[in-house]
Amino acid sequence: MCGIMGYIGKNDAKQVILNGLAKQEYRGYDSAGLALRCGESIKSVKIVGRVSELKKLVEESDLGETAPVSGIGHTRWATHGGVTVTNAHPHESVDGNIVLLHNGIIENAREIRDKLEAEGIVFISDTDTESACQLLARLYRDCGDVLSAMTKLCASITGAFALVILFRDRPGEIWCARRGSPLVVAHSDGASLCASDPTALLDYTHDLFFMEEGEIARLTEDGCGFFGFDGEPREKQSIFLQWDSVMADKGHYEHFMRKEIDEQPDVLRFTIEAHTDITSVDMEKTLKLPPDLMRGISRVQFVACGTSYYAAAVACNLMESLDDTLNVRADVSSEYRYRNIGRGDDTLAIFISQSGETADTLSAARIAKSKGVHCIAITNVRGSTLDREVDNSLLSLAGPEIGVAATKTFTAQVALLSILVLQLLKLRGALSATDEARLIGGLRSIPAKQQAVLSRENDIKALAEKYSDSKGFFFIGRRESVPLTLEGALKLKEIAYLPSEAYAAGEMKHGPIAMLDEKLTVVAIVPQNDLREKMLSNVAECRARNAPIILLATDGDEGIKSFANDVIFAPATEKELFPLLGVVPLQLFAYHVAKTLGRDIDMPRNLAKSVTVE
Ligand code: AGP
């Protein structure tokens with residue numbers, strides 16, 4: 001959480017920093033601030049609110065005659081300390097020599113603060129960050145050497161941090177340190193930059209240095225130097241990120257989320273074409289597993305958070321349905337650590353994270369690695385921590401996703417996971433040629449079917465407007481549709497702030513049905529397959545309790561209309577692949593409900609795109 005931007009070069013630092021913060025605002029947006037080196041002094045501007053308001057305040061502020069050539073900026077998602085100007089970053093040490101900003105949580109902040117306060121240092125904010133700032137100032141005063149003060153600081157603080165620092169008496173430098181929270185550094189054309197998210201740097205360069213755990217960096221106009229936490233210099237290779245900066249642009253759309261929903265057919269085409277041919281999987285170049293490995297595996301674990309977890313659940317269902325000799329499960333990352341996950345050679349764990357920076361998923365992957373479990377990662381961000389830490393890392397080819405609510409990365413993950421499942425089962429000798437051809441053919445037909453659903457947006461919008469005054473929503477489905485109910489409900493919670501629950505349809509009468517009345521809308525997912533009749537019985541039970549019913553059904557199933565108040569139709573698919581298609585109307589429905597209610601769709605309250613704290 002929190003977005004960081006730093007710049008040192010010859011251009012106007014404030015423009016570069018404000019642009020970079022605007023691009024990373026989805027990471028946190030309750031307050032924002034920057035510090036600019038203006039001649040001899042460093043001036044800070046902070047606000048409670050959005051980057052656009054910070055920009056206005058910076059423009060109105062007196063920063064002196066010459067444009068600042070270095071500075072650091074921050075957009076915050078509060079953890080320690082309320083949302084106030086004082087708690088906004090950057091923070092300044094009491095001696096005025098250190099200006100510091102931070103992403104993460106410093107766990108021993110209280111202890112450090114108590115010690116420094118006992119020495120007479122007066123703190124002004126309630127943040128954990130200020131303890132690092134005041135401590136660094138003290139360490140620097142004591143030793144007079146930046147690198148040594150930085151290494152001592154990093155050894156003294158526990159928890160997660162990406163720190164970016166200006167020293168008042170070192171005008172040509174910005175210093176950074178990273179443990180646990182992401183930080184990317186770049187040098188281009190007489191300038192050095194740093195940011196939390198690579199998309200903020202793509203206007204300047206695509207050659208990026210992803211800082212590793214336990215690294216310190218020194219940025220100057222002439223380049224970037226790297227050190228370990230032991231102070232020893234480190235050689236680092238840059239990674240070329242292929243993303244285009246216009247991919248992270250809203251274009252003619254009102255919201256990133258809406259644009260990203262529309263991008264799904266293309267994203268799926270790229271993903272499917274990269275890993276399959278007409279009738280078979282082809283992951284030989286991308287998946288580097290020993291050929292016999294899968295034959296020795298008895299347990300497969302899919303592990304992720306939030307929407308990525310629902311993608312994991314889809315993959316889990318698919319794998320289990322095709323191979324009854326495997327023990328397959330999906331876990332949320334934050335709980336995985338408490339389970340007896342097994343040890344060693346017979347277990348394969350697959351970690352899924354759009355950002356590749358989700359703290360819980362990273363911890364889960366580290367635990368699995370430490371137990372000798374075979375690991376595969378799926379992430380959307382090349383160079384992200386998960387991508388670098390897991391040897392077998394596959395990229396979902398969704399391009400940058402900016403809307404806080406995941407859309408195109410979900411379908412990219414589901415497509416890639418489905419192909420991966422087929423490949424793994426094929427390596428195991430557990431995939432029939434018929435199933436392979438049927439599912440690959442089915443996958444290849446999904447982009448056009450998604451396009452068909454997108455072309456029906458106006459019907460879905462009309463329903464969203466009609467039902468937006470519901471007091472809440474229940475999403476119900478069975479088997480492959482259960483993860484879809486969870487995703488449909490999560491989208492509504494996230495961006496419309498409406499109570500929305502998801503249930504396996506058979507569970508309704510074990511309690512939740514008590515809540516139904518004429519103001520609680522049921523969205524029932526009823527594709528035309530072997531479960532249609534069972535689903536319709538559950539729908540009838542809900543209707544008998546006066547709940548308005550919206551059905552998600554298959555094109556041509558006209559008979560289903562009599563069971564519902566309204567129906568959204570989607571083309572027929574292979575039953576296992578229905579989540580890839582069925583999610584699109586649910587995304588559009590949530591989007592238009594949120595829009596009708598006037599919500600802040602791309603930056604919903606209390607959330608941040610990338611959850612880098614546990
Ligand atoms: C999805 O709409 C959410 N914003 C959230 O649940 C997200 O999927 C979750 O935080 C996991 O993120 P990751 O994929 O980057 O690990």
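Order of appearance sets the numbers: ligands from 1, and atoms from 1 within every ligand. The chain is numbered in sequence order, starting from 1.
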In terms of side-chain heavy atoms, does Glu487 have a donor or acceptor partner in Thr307 at a distance below 3.5 Å?
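Looking only at side-chain atoms, Thr307 and Glu487 do form a donor-acceptor pair, the distance falling under 3.5 Å.
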Do you see a donor-acceptor pair shorter than 3.5 Å between the side chains of Thr409 and Asn380?
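The criterion, which ignores hydrogens and geometry beyond distance, is not satisfied for Asn380 and Thr409.
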Of all the atoms in ligand 1, which lie at a distance below 4.0 Å from a heavy atom belonging to [X]?
| X | result |
| --- | --- |
| Ser353 | 13 (P), 14 (O), 15 (O), 16 (O) |
| Thr358 | 12 (O), 13 (P), 15 (O), 16 (O) |
| Ala405 | 2 (O) |
| Lys491 | 1 (C), 2 (O) |
| Ala406 | 1 (C), 2 (O) |
| Gln354 | 13 (P), 14 (O), 15 (O), 16 (O) |

Assign the ring pair Tyr591 / His255 to parallel, tilted or perpendicular, where the plane angle (0 to 90°) is split at 30° and 60°.
perpendicular
Among all protein non-hydrogen atoms, which one is nearest to [atom], and what is the separation to 0.1 Å?
| atom | result |
| --- | --- |
| atom 3 (C) of ligand 1 | Glu494 OE2, 3.0 Å |
| atom 10 (O) of ligand 1 | Val611 CG2, 4.0 Å |
| atom 15 (O) of ligand 1 | Ser355 OG, 2.7 Å |
| atom 1 (C) of ligand 1 | Thr307 OG1, 3.1 Å |
| atom 14 (O) of ligand 1 | Ser308 OG, 2.5 Å |

Check whether any side-chain heavy atom of Val314 lies under 4.5 Å from a side-chain heavy atom of Leu417, and answer yes or no.
no
Do Arg444 and Thr276 have side-chain heavy atoms sitting under 4.5 Å apart?
yes
Assess Arg329 against Phe302: is NZ or CZ under 6.0 Å from the centre of the six-membered ring, and within 45 degrees of the ring's axis?
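No; the conditions do not both hold, so Arg329 does not lie above the ring face of Phe302.
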Please enumerate all residues that pass side-chain hydrogen bond (donor to acceptor under 3.5 Å, both in side chains) together with Arg479, with sequence neighbours excluded.
Asp530
A student comparing Ala304, Ser396, Cys305 should find that the heavy atom closest to atom 11 (C) of ligand 1 comes from Cys305
Ser31 (side chain) donor-acceptor with Gly49 (main chain) under 3.5 angstrom:
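A pair under 3.5 Å: no.
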Backbone N/O of Ile261 and side chain of Gln587: donor-acceptor pair under 3.5 Å
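No; zero donor-acceptor contacts below 3.5 Å.
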Which ring pair (Phe, Tyr, Trp, His ring centres under 6.0 Å) pairs, counting each pair once, include a residue from residues 348-407, with sequence neighbours left out?
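Passing the test, one end in residues 348-407: Tyr336-Phe351.
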Can an N or O of Val404 be found at a distance shorter than 3.5 Å from an N or O of ligand 1?
yes
When you compare ligand 1 with Gln413, is there at least one nitrogen or oxygen pair between them that comes in under 3.5 angstrom?
no
Would you call Glu357 a ligand 1 contact, heavy-atom distance under 4.0 Å?
no
